[in-house]
Amino acid sequence: MNSANRLRYEKIKYGAKDDKIYGILFDVSYLWEEYLASILTKQAFKHPNNKERTGRIYLAKHKRFPRYPDFYREEDSFIIDAKYKREINRDDIHQMITYMYRLKGKNGLFIQPSDRICQKESYDLLGYGIDDNAGLQTYFYPISQIANDYKQFVADMILSENILKLQIQSGK
């Protein structure tokens, strides 16, 4: 659904309930990615920008098939994809594996906001290099749901950020 349709009051929903929501629309997936950029760029991750057409990678010679992975770090072959949605689908997996193949990535990580407490799912990828040692993970980034006030929410989010940094440093 495009922006014009949204502005014509056509039905859009997010979540499990049928509650009506009125207000201003934000591209929350963009905000999620930029929030993660505030953490990950300090961890030496590159953050290509498709809106400004900077930092792209190419899938073929002669600058053919440009792509914009959300985040990648070449020194340890780590690729991260920010996902602001409930389920990782087939296309998301294909996209990540494409980035991993192109960048010779050994670690692929989806980061999703969640009300869960620091959970992750890990998968060993088959047929990747001699060692078959590439992995794909989904990390459920905890967003505080129980903070009593703003100060507590900030403290909870700082804790989530620090746990994410530890997850990335461990590489697994």
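Hydrogens, waters and symmetry mates play no part in the numbers below; they use all other heavy atoms, side chains included. Everything numeric here is computed off the predicted structure, so don't read it as measured data.
- Shown here for Ser160 and Pro142, the closest heavy-atom pair between the two residues is OG-O, 2.8 Å.
- Residues Tyr141 and Ser114 fail the side-chain proximity criterion, which asks for heavy atoms closer than 4.5 Å.
- Side chains of Arg56 and Asn50 form no contact here, defined as non-hydrogen atoms less than 4.5 Å apart.
- Minimum heavy-atom separation, Ala82 to Phe71: CB-CE1, 4.3 Å.
- In terms of hydrophobic clustering, with Ile, Leu, Val, Met, Phe, Trp and Tyr side chains grouped at heavy-atom distances under 4.5 Å, Phe65 and Ile97 are assigned to different clusters.
- Relative to the ring axis of Tyr68, Lys51 does not place its NZ or CZ within 45° and under 6.0 Å from the centre.
- A distance of 10.5 Å separates CG of Asp27 from OH of Tyr84, quoted to the nearest 0.5 Å.
- Atom CD1 in Ile79 sits 9.0 Å away from atom CZ in Phe45 (nearest 0.5 Å).
- Between Gln43 atom CD and Ile39 atom CD1 the span is 8.5 Å, to the nearest 0.5 Å.
- Under the 4.5 Å side-chain heavy-atom criterion for Ile, Leu, Val, Met, Phe, Trp and Tyr, Tyr58 and Tyr101 are members of distinct hydrophobic clusters.
- Looking at Ser77, its side chain does come within 3.5 Å of a backbone N or O of Lys104 through a donor-acceptor pair.
- For the pair Leu109 and Phe78, the minimum side-chain heavy-atom distance is below 4.5 Å.
- With contacts defined as side-chain heavy-atom distances shorter than 4.5 Å, the pair Glu121/Gln137 does not qualify.
- Taking CD from Gln169 and CD from Gln167, the interatomic distance works out to 10.5 Å, rounded to the nearest 0.5 Å.
- Criterion: ILVMFWY side-chain heavy atoms under 4.5 Å apart, direct or through other members. Under it, Val154 and Leu36 are not part of a common hydrophobic cluster.
- One finds a salt bridge joining Glu74 and Lys46 here, because a Lys/Arg side-chain nitrogen approaches an Asp/Glu carboxylate oxygen to under 4.0 Å.
- Looking at heavy atoms from C-beta onward, Ile80 lies in side-chain contact with Ile168 at the 4.5 angstrom threshold.
- Both Ile143 and Leu164 belong to a common hydrophobic cluster when Ile, Leu, Val, Met, Phe, Trp and Tyr are linked at side-chain heavy-atom distances under 4.5 angstrom.
- Counting heavy atoms from C-beta outward, Ile57 and Tyr99 have side chains that approach closer than 4.5 Å.
- Rounding to the nearest 0.5 Å places OG of Ser144 at 12.0 Å from CD1 of Ile158.
- Counting heavy atoms from C-beta on, the side chains of Gln112 and Thr138 come closer than 4.5 Å.
- Residues Val28 and Leu40 are members of one and the same hydrophobic cluster, defined by side-chain heavy-atom contacts under 4.5 angstrom among Ile, Leu, Val, Met, Phe, Trp and Tyr.
- Closest approach of Leu103 and Pro69 over heavy atoms only: CD1-CG, 4.4 Å.
- The CD1 atom of Ile111 sits 8.0 Å away from the OH atom of Tyr139 when rounded to the nearest 0.5 Å.
- Counting heavy atoms from C-beta on, the side chains of His47 and Glu33 come closer than 4.5 Å.
- Applying the 6.0 Å contact sphere to CD of Glu87 captures no more than 12 heavy atoms from other residues, nucleotides or ligands.
- The pair Lys85-Asp92 counts as a salt bridge, with a side-chain nitrogen and a carboxylate oxygen less than 4.0 angstrom apart.
- The two residues Gly55 and Tyr72 come nearest to each other via the heavy atoms O-OH, 4.0 Å.
- Considering all non-hydrogen atoms of both residues, Glu161 and Tyr35 come closest at OE2-OH, 2.7 Å.
- With hydrogens and angles disregarded, no donor-acceptor distance shorter than 3.5 Å links the side chain of Arg64 to the backbone of Leu59.
- Side-chain polar atoms of Gln95 and Asp91 form no donor-acceptor pair below 3.5 angstrom.
- For Ala44 against Glu75, the heavy-atom pair with the smallest separation is CB-OE1, 4.3 Å.
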